[in-house]
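Worksheet: one structure, shown below.
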2 protein chains.
Amino acid sequence: MDQVFHALSDATRRNMLNSLAGGERTVSQLAEPFAMSLAAASKHIKALEHAGLIRREVRGRTHVCRLEARPLATAYQWLAQYSRFWNSRLDVLEQLLREERKTPAARTTPAPAKPESSKPESPKPESSRPTSSRPTSSEGEDQ
Amino acid sequence: MDQVFHALSDATRRNMLNSLAGGERTVSQLAEPFAMSLAAASKHIKALEHAGLIRREVRGRTHVCRLEARPLATAYQWLAQYSRFWNSRLDVLEQLLREERKTPAARTTPAPAKPESSKPESPKPESSRPTSSRPTSSEGEDQ
DNA sequence: CTCTAATTCAACCATGTAGTTGAATATAGA
DNA sequence: TCTATATTCAACTACATGGTTGAATTAGAG
């Protein structure tokens, strides 16, 4: 897990994964978009491999890499633990409730000039589905 | 994003987030489970803060930390890009198909697969629903 | 005001990371 | 066989990380 998140913490490596999502790539193909030596790219690839995120097949003199997504699923599931903190619009409300528990009185008076007046709808916190928000561009560069 | 994944790449910090999922924690409370100096724990906390994963409120002489989940959602969504590689039982089949496309003949003969387009492209975001992800225990240790 | 608790700061050390360059290895192809 | 291509290896530099210790800062409490 450490290895996986560490591998993901570098934009070069994330871009390489993006590239691999489009199919198999050789080392030089993976390295081509980046302004660095092949040796440097090779190290990045090794980091990805070490994290179990890619698999390498040596075909003659070229090394063909392919995405190995399972560790990403593990990371994804780890993050899903926290989905209740963002995937209902209740995050703010939940916060309020947490404070409420410590301060049982008050809060009954309307319009307390507080931020948000969100409707407490469908209290289904679970499901861990990615929020309807946009798929984070993912185009070309990776912010 | 670099910061977020980097913050997540350390088990100490992941455990701290786990702790924060249970509510607000002071610096010493966060540090307590770990066999390291307070100064070291403080640095970890600063890393989490720098990644935007926690918010700190100074209450008197204690610093109270709370989880800030939005960046986790971003990371989650980034990973969701790749869900198509694991969240159908088709991952293996998909794999086979990819090879099939290059080897229109029979899969029985060891054919010389040709590499495909060399331009890195981004994956299709697709549905990005978690397979059946259960919130990975979250008990005590973090594998 | 003084003592103590909560936390950071500064300096330091060992190790890891990301990059470089140049040489080594191995294979495809003329 | 000779040569060009694909890739790694080794050595080196610069800087980040994760940890230490001891002193500094700030605020609650007597």
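All chains are named by letter (A, B, ...) in the order of the sequence lines, taking the proteins before the strands, and each is independently numbered beginning at 1. On a predicted model such as this, the values are computed, not experimentally measured, just so you know.
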Would you mind telling me which of [options] lies closest to the side-chain atoms of [X]?
| X | options | value |
| --- | --- | --- |
| B:His63 | D:dG19, C:dA18, C:dT8 | C:dT8 |
| A:Arg56 | D:dT8, C:dT17, D:dG19 | D:dT8 |
| A:Lys46 | D:dT8, C:dT20, C:dC9 | D:dT8 |
| B:Arg13 | D:dG18, D:dG19, D:dT8 | D:dG18 |
| A:Arg61 | C:dT20, D:dG18, C:dA28 | C:dA28 |
| A:Ser37 | C:dT8, C:dT20, D:dT20 | C:dT20 |

Mind calculating the distance between [atom1] ([X]) and [atom2] ([N]) to the nearest angstrom?
| X | N | atom1 | atom2 | result |
| --- | --- | --- | --- | --- |
| B:Leu48 | D:dG18 | CG | C1' | 14 Å |
| B:Asp10 | C:dT15 | CG | P | 18 Å |
| A:Arg59 | C:dA26 | CZ | C1' | 17 Å |
| B:Glu57 | C:dA6 | CD | P | 18 Å |
| A:His6 | C:dG16 | NE2 | P | 12 Å |
| B:Gln29 | C:dA6 | CD | P | 10 Å |
| B:His44 | D:dA16 | NE2 | C1' | 14 Å |
| A:Lys43 | D:dA14 | NZ | C1' | 12 Å |

(Q) Would the distance check show the side chain of A:Arg25 and the main-chain N or O of A:Leu30 forming a donor-acceptor pair, the cut-off being under 3.5 Å? (A)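 It does not hold such a pair.
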
Q. Side chain of A:Glu32, backbone of A:Gln29: donor and acceptor closer than 3.5 Å?
A.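 Judged by distance alone, no pair lies under 3.5 Å.
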
Q | Pairwise 5' ranking along DNA chain C for B:Ala39 and A:Thr12, keeping only the more 5' one | A |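 Here B:Ala39 is the residue nearer the 5' end.
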
Q. What's the verdict on side-chain contact (heavy atoms from CB on, under 4.5 Å) for A:Tyr82 and B:Tyr76, showing C-alpha distance, side-chain angles and the deciding distance?
A. CA-CA 10 Å; A:Tyr82 295 90; B:Tyr76 188 79; over 6 Å; no

Q. Hey, does B:Leu48 have a side-chain heavy atom less than 4.5 Å from the side chain of B:Met16?
A.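 Contact flag for B:Met16/B:Leu48 side chains = yes.
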
Q) Do A:Leu67 and A:Val64 sit in the same hydrophobic cluster, where Ile, Leu, Val, Met, Phe, Trp and Tyr count as joined when their side-chain heavy atoms come under 4.5 Å apart? A)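 No: no chain of side-chain contacts under 4.5 Å links A:Leu67 to A:Val64.
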
